[in-house]
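Here the structure is a predicted model, which is why all the values come from computation and not from measurement. We count ligands from 1, going down the list as the structure has it; atoms in each ligand are counted the same way.
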Amino acid sequence: MVCTLLSVIAEFLRVMADKSRGNAERTFIMVKPDGVQRGIIGEVIKRFELKGFKLVGMKFLQASEDLLKEHYKDLASRPFYPGLCKYVSSGPVCAMAWEGKNAVKTGRFMLGETNPADSRPGTIRGDLCIDIGRNIIHGSDSVESADKEIGLWFKPEELVSWKSMAESWIYE
Ligand code: UDP
Ligand code: MG
C-alpha cells in the first residue's frame with residue numbers, strides 16, 4: 001500500500017519534472033558508424049537544425065564495446081545484442097544532444113521506425129537506409145532514457161547551455 005502510494009507520487013513528480021522542462025527537453029541522437037561512413041552526419045545535423053532544435057552537445061569518437069553494452073543494456077537479452085554492440089563500436093560515431101520542446105518524441109518521428117522498411121519517406125531512416133541492422137542513427141525513446149544516455153555519453157561540462165536568438169521565432 002505504502003509502496004504503491006510512493007510509486008504513484010514518484011511517477012507524478014517525474015511527469016511534473018518532464019512537463020516543467022518545456023522547451024529545454026533534451027534527446028540523445030547518435031549517427032552510427034554506417035551513417036558516418038556514408039557521409040550522413042551533415043544531413044542529420046541539417047534536419048535537426050532546420051526543425052528548430054538547439055544543439056547542446058556534440059562529439060565524434062569511436063566508442064568502446066563496453067560503452068555500447070551499457071548504452072544498449074535494456075536489449076541485453078535480445079539475440080542481436082552482441083552484434084549490435086560490435087557494429088556500433090566498430091567505427092566512429094557522432095554523438096549529439098539536441099534540445100527543444102518535445103525533442104524526444106519529435107526526434108523519434110524524425111528518425112522513423114526501427115526497421116527502415118516500416119519508415120515513411122521523409123524520415124531519416126525512411127529516406128536513407130534499408131536494413132534494420134544498418135539503420136544509421138540512434139535516438140532516445142523516452143525522456144528518462146535520454147537523461148541516462150546523455151549522462152553516459154557526455155560529462156556535464158561537455159554540454160553547453162546557450163541562448164539561441166532564433167528562439168522567439170521558433171516558439172510562440
Ligand atoms: N536492431 C537489430 N535487429 C532488430 C532490432 C534492433 O539489429 O531486430 C538494432 C537496430 O540497430 C536498432 C537497435 O538494435 O536501432 C536498437 O534497437 P531498438 O529496439 O532500441 O530500436 P531503436 O530505438 O534504435 O529504433
Ligand atoms: Mg532504442
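- Under the 30°/60° scheme for interplanar angles, the aromatic rings of His138 and His71 are found to stand perpendicular.
- Around ligand 1 you find Lys32, Tyr72, Leu75, Phe80, Leu84, Arg108, Thr114, Arg125, Ile132, Gly133, Asn135, each with a heavy-atom distance below 4.0 Å.
- At least one side-chain heavy atom of Val88 sits under 4.5 Å from a side-chain heavy atom of Met30.
- When atom types are taken as modelled, the side chain of Glu25 and the backbone of Val104 share a donor-acceptor pair closer than 3.5 angstrom.
- Identified under the ring-ring contact (aromatic ring centres under 6.0 Å, His included) test for residues 81-124, with sequence neighbours left out: Phe48-Trp98.
- The other residues sharing a hydrophobic cluster with Trp162 are Val56, Val160, where clustering joins ILVMFWY side chains under 4.5 Å apart.
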For residues 61-69, run the donor-acceptor check on the side chains, cut-off 3.5 Å, and write out each pair with its distance to 0.1 Å, sequence neighbours left out.
from  : atom 1 : to    : atom 2 : distance (Å)
Gln62 : NE2    : Ser89 : O      : 3.0
Gln62 : NE2    : Ser90 : O      : 3.3
Ser64 : OG     : Leu67 : N      : 3.1

